[in-house]
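Note: hydrogens, waters and symmetry copies are ignored here, and every other heavy atom, side chains too, is used. Letters A, B, ... mirror the listed sequences (proteins, then strands); counts begin at 1.
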Amino acid sequence: MEQANARTKMAGSMRNMRDHAVILNRRFLDDEQLIRSEQLAVLEEIFNTNVRDREMREISCHFAPVLRRDHPYHLALWGKSGTGKTLTMIYFLNFLAEMCRKEGIALRYVHLDLTTARPCFRALNDLACLLNASKRYRRGISLEELMGRIEASLEAYRGYLVLFIDEVDNVRRDRDTFLAFLVRRLPQQIRAKLILVFASNRLNWSDHLDPRTKSFLKLNELVFKPYDAIDLQRILQIRVRKALRPQAVENGVVEKIAALASREHGDARKAVALLARSAHLAEKAGCSISVDTVDEAARQIEQDKYTTMIRTAPVQLQAALAGIIEGVRTKRADLVGSGEAYDAYRAFCTRASLRPLTGRAFGDLVTELDMYSFLRTRVESKGRYGRTREIVLDIPDGLASTIYNTILLNFDVSQQASD
DNA sequence: TGTCCACAGGAAATACGGGGGT
DNA sequence: ACCCCCGTATTTCCTGTGGACA
């Protein structure tokens, strides 16, 4: 009896889920799950709706000389993240490669993605890997050696070589070494016709460049403006069509997401992420996506941003933040001085059996937390009583506890006594 | 006006860890 | 197995500083 009852319940809820399903094809909500051809298909649709039309035309013009066996300049793409620099360029390069194949022109392209910051060494190493010039090293091999290997592997190649360097300004430290290699040395060492494409989200990117390199670099520049609400609506509509059951998306939802996204950042990736989160929420609740769902999803995304950031941060940074949160709590004020904060941090370290860092190092951790906007600081002089950096937690309401608990999980410490 | 607190934050020194060469 | 190299994390050392107080 019991069992039969359970079965009908399960069947019922499954049928219910099917009929009220919000998501029909989950994969189209997450680019990482799409295989190459599907990605290109999505792009095809996007570009067919005239989004990024102007940029596409300019890029085509820029590369037109290739078809005449001529050598175009290098190209720089400027625009904030999520404005489609990468996608547009990849889509175009794919198209160009195909065109060249038909015309019998040799063309290779390589996409070096520096989305996460890395030093010159790793950037070069990654490039070498992409060119099959070397295996992956962590350390221990000289820059010179890497450069040599890259050159050697291209020795015999005579065709066009497009190096698409995504997010160039993420090369930390000796960016000049890296760029000098690409811009000045490489073209002289190999016979391939090298075309560099840089993407960056800072307009003044090339200002801090070694002037010698800069003068060597003949650039065409192209600016990607952030998507406006209309563009975003088009992009979102495609996703809705491919991934969701259309009836499950209430009126105004797409418009709302597009409006939020265009107001805040104009970032298409984030807009799609918001759509995806809304869809998941609605599906779990067994209802359709409403404007309120979107609000809730936006809140969750905001919150996740903080928790994942702190969870994946180095332990000392976590300890510093935990210490500061405790310090603020015990003081029952929203503001602590750096001295008190340091004491609290040391206390936390003791309980977590973690070796505490010096005050100097702690200061740097605080600066870092400030940059991630977990908190705000301001140096304040208290006259005779010295000077201090006042620390104010800058975390949305009620999130402090969540974050604090997240950190505790990572440490496995006893709760603070006075809580 | 000078003193002096309690730190900030720059520079250089040192420790560390992981990897290649031999 | 041993040594050297390199990039990164911390420490050590240091100079600087706004303003309350005497």
Residues touching DNA chain B, which here means a heavy atom under 4.0 Å, drawn from residues 374-387 of chain A:
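Contacting residues: A:Val379, A:Gly383, A:Arg384, A:Tyr385, A:Gly386, A:Arg387.
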Please report, rounded to the nearest Å, how far the [atom2] atom of [N] is from the [atom1] atom of [X].
X        : N      : atom1 : atom2 : value
A:Arg346 : C:dT11 : CZ    : P     : 10 Å
A:Arg389 : B:dC7  : CZ    : P     : 12 Å
A:Glu340 : B:dC5  : CD    : P     : 19 Å
A:Tyr345 : C:dT10 : OH    : C1'   : 10 Å

Would you please name every residue forming a ring pair (Phe, Tyr, Trp, His ring centres under 6.0 Å) with A:Phe95, sequence neighbours left out?
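None.
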Not counting sequence neighbours, which residues clear ring pair (Phe, Tyr, Trp, His ring centres under 6.0 Å) with A:Phe164? List them please.
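Ring pair (Phe, Tyr, Trp, His ring centres under 6.0 Å) check on A:Phe164 returns A:His111.
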All side chain to side chain donor-acceptor pair (under 3.5 Å) counterparts of A:Arg101, not counting sequence neighbours:
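A:Arg101: no side chain to side chain donor-acceptor pair (under 3.5 Å) contacts found.
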Mind checking side chain to side chain donor-acceptor pair (under 3.5 Å) for A:Thr293 and listing every partner two or more places apart, or none if nothing turns up?
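Scan of A:Thr293 (side chain to side chain donor-acceptor pair (under 3.5 Å), adjacent residues dropped) gives A:Ser290.
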Is it the case that over 12 heavy atoms from other parts of the model lie below 6.0 angstrom from the OH atom of A:Tyr157?
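Yes - once you tally the heavy atoms of other residues, nucleotides and ligands closer than 6.0 Å, there are more than 12.
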Is the NZ atom of A:Lys225 crowded by more than 12 outside heavy atoms at less than 6.0 Å?
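For A:Lys225, atom NZ is not crowded (no more than 12 foreign heavy atoms under 6.0 Å).
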Counting just side-chain N and O atoms, does A:Ser338 come under 4.0 Å of either OP1 or OP2 of B:dA8?
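For A:Ser338, the contact criterion (side-chain N or O under 4.0 Å from OP1 or OP2 of B:dA8) is met.
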Check the pair A:Val197 / A:Leu77 against side-chain contact (heavy atoms from CB on, under 4.5 Å), numbers first and verdict last.
CA-CA 7 Å; A:Val197 179; A:Leu77 309 178; 4.2 Å; yes
Honestly, is A:Arg329 close enough over A:Tyr404, meaning NZ or CZ under 6.0 Å from the six-membered ring centre and within 45° of the axis?
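That pair qualifies as a cation-pi contact.
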Positions of residues 358-369 of chain A (non-hydrogen atom under 4.0 Å from DNA chain C), listed by number:
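DNA chain C contact set from residues 358-369 of chain A: A:Thr358, A:Arg360, A:Ala361.
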